[in-house]
Engineer: 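First the structure, which I've put down as structure tokens, then a few questions once you've had a look.
Atoms within a ligand are numbered from 1 in the order they appear, just like the ligands themselves. Note that this is a predicted model, so its numbers are computed, not measured.
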Amino acid sequence: MARAIYPGSFDPVTYGHLDIIVRSSALVDELIVGVLNNNAKTPLFSVEERVKMLEEATGNISNVKVIPFEGLLIDFAEKMDAGMVVRGLRAITDFENELKMAQTNHKLSPKVETVFLTTSLEHAYLSSTVVKEVACFGGDISQFVPENVERKIQEKMSKKESVHQ
Ligand code: PNS
């Protein structure tokens, strides 16, 4: 059984991530979306919220599972018995960091291959950071994220506003 991991922060999931999930899940028997729980970063959404948003957004794809992880990606891949890590490449600016990560991971575990999918052109500019910035200033994010995520971001932003009032 070919099982792959698509890891990320997903803070929050965007249409760019979903494009990679749809396309990579068609290439394998099972795709595990690995949501990084990293205490060193302060994400907008908790890992539970990020997992839930991803589950809602991928509920229509039968071979996709969403699982949080901590620590090394390669340990998670081994625990899940996955031989492949999928990453999306948007532009040349992603390349340097992605190459470093893939090569480090290959050194740590040569059994796990990193496979890159190029992001579809219509999502090439998109990132979770851009979505949060637009939302923070009240811009329309409906073309960047699914409806469930848009609602969640708006909830978060209005809570933040009421705290600062
Ligand atoms: O969505 P992101 O933030 O670009 O995802 C980055 C992620 C989660 C894939 C990366 O930070 C990661 O794999 N972190 C786990 C720690 C690890 O294994 N580091 C060694 C690889 S350099």
Engineer: For ligand 1, indicate whether the residue Asn105 contacts it via side chain, backbone, both or neither (heavy-atom separation under 4.0 Å).
Structural biologist: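 The part of Asn105 near ligand 1 is the side chain, not the backbone.
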
Engineer: Write out the residue and atom name of the closest protein heavy atom to atom 13 (O) of ligand 1, then the distance separating them to 0.1 Å.
Structural biologist: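 Checking every protein heavy atom, the shortest distance to atom 13 (O) of ligand 1 gives Leu73 CB, 3.5 Å.
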
Engineer: Is it true that atom CD of Glu133 has more than 12 heavy atoms of other residues, nucleotides or ligands lying nearer than 6.0 Å?
Structural biologist: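 No.
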
Engineer: Pair Asp19, Arg23 - check salt bridge (Lys or Arg N to Asp or Glu O under 4.0 Å), show working.
Structural biologist: CA-CA 6 Å; Asp19 168 54; Arg23 287 162 55 211; 3.0 Å; yes

Engineer: Just to confirm my output: which protein heavy-atom neighbour is closest to atom 11 (O) of ligand 1, and how far is it?
Structural biologist: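 Looking at atom 11 (O) of ligand 1, the protein heavy atom closest to it is Leu36 CD2, 4.2 Å.
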
Engineer: Considering only heavy atoms from C-beta outward, does the side chain of Met101 approach that of Glu98 to under 4.5 Å?
Structural biologist: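 Yes, their side chains come closer than 4.5 Å.
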
Engineer: Using distance alone, decide if ligand 1 has a nitrogen or oxygen within less than 3.5 Å of any nitrogen or oxygen in Pro7.
Structural biologist: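 No; the residue has no nitrogen or oxygen that sits under 3.5 Å from a nitrogen or oxygen of the ligand.
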
Engineer: Tell me whether Lys65 is salt-bridged to Glu55, with the criterion being a basic N under 4.0 Å from an acidic carboxylate O.
Structural biologist: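 Judged by the 4.0 Å cut-off on N to carboxylate O distance, Lys65 and Glu55 do not form a salt bridge.
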
Engineer: Looking at ligand 1, does any of its N/O atoms fall within less than 3.5 Å of an N/O of Ser9?
Structural biologist: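 Yes - when backbone and side-chain N and O of Ser9 are compared with those of ligand 1, one distance drops under 3.5 Å.
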
Engineer: In terms of residue, atom name and distance, what is the protein heavy atom nearest to atom 4 (O) of ligand 1?
Structural biologist: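 That would be Arg87 NH2, 3.0 Å.
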
Engineer: Strictly below 4.0 Å, N to O, side chains only: are Glu48 and Lys52 in salt-bridge contact?
Structural biologist: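 Between Lys52 and Glu48 there is no salt bridge, as every charged N stays at least 4.0 Å from the carboxylate O atoms.
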
Engineer: What atoms of ligand 1 come closer than 4.0 angstrom to any heavy atom of Gly71?
Structural biologist: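 Here the atoms of ligand 1 in question are 15 (C), 16 (C).
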
Engineer: Identify which one of Val66, Ile61, Leu117 satisfies the side chain to side chain contact (heavy atoms under 4.5 Å, CB included) criterion when paired with Ile21.
Structural biologist: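 By the side chain to side chain contact (heavy atoms under 4.5 Å, CB included) criterion, Ile21 pairs with just one of Val66, Ile61, Leu117: Ile61.
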
Engineer: Which of these, Val85, Asp11, Thr114, Leu72, has its nearest heavy atom closest to atom 17 (C) of ligand 1?
Structural biologist: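 It is Leu72 whose heavy atom sits nearest to atom 17 (C) of ligand 1.
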
Engineer: Record the part of Lys100 in heavy-atom contact with ligand 1 below 4.0 Å; permitted values are side chain, backbone, both and neither.
Structural biologist: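 Within the 4.0 Å criterion, Lys100 makes no contact with ligand 1.
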
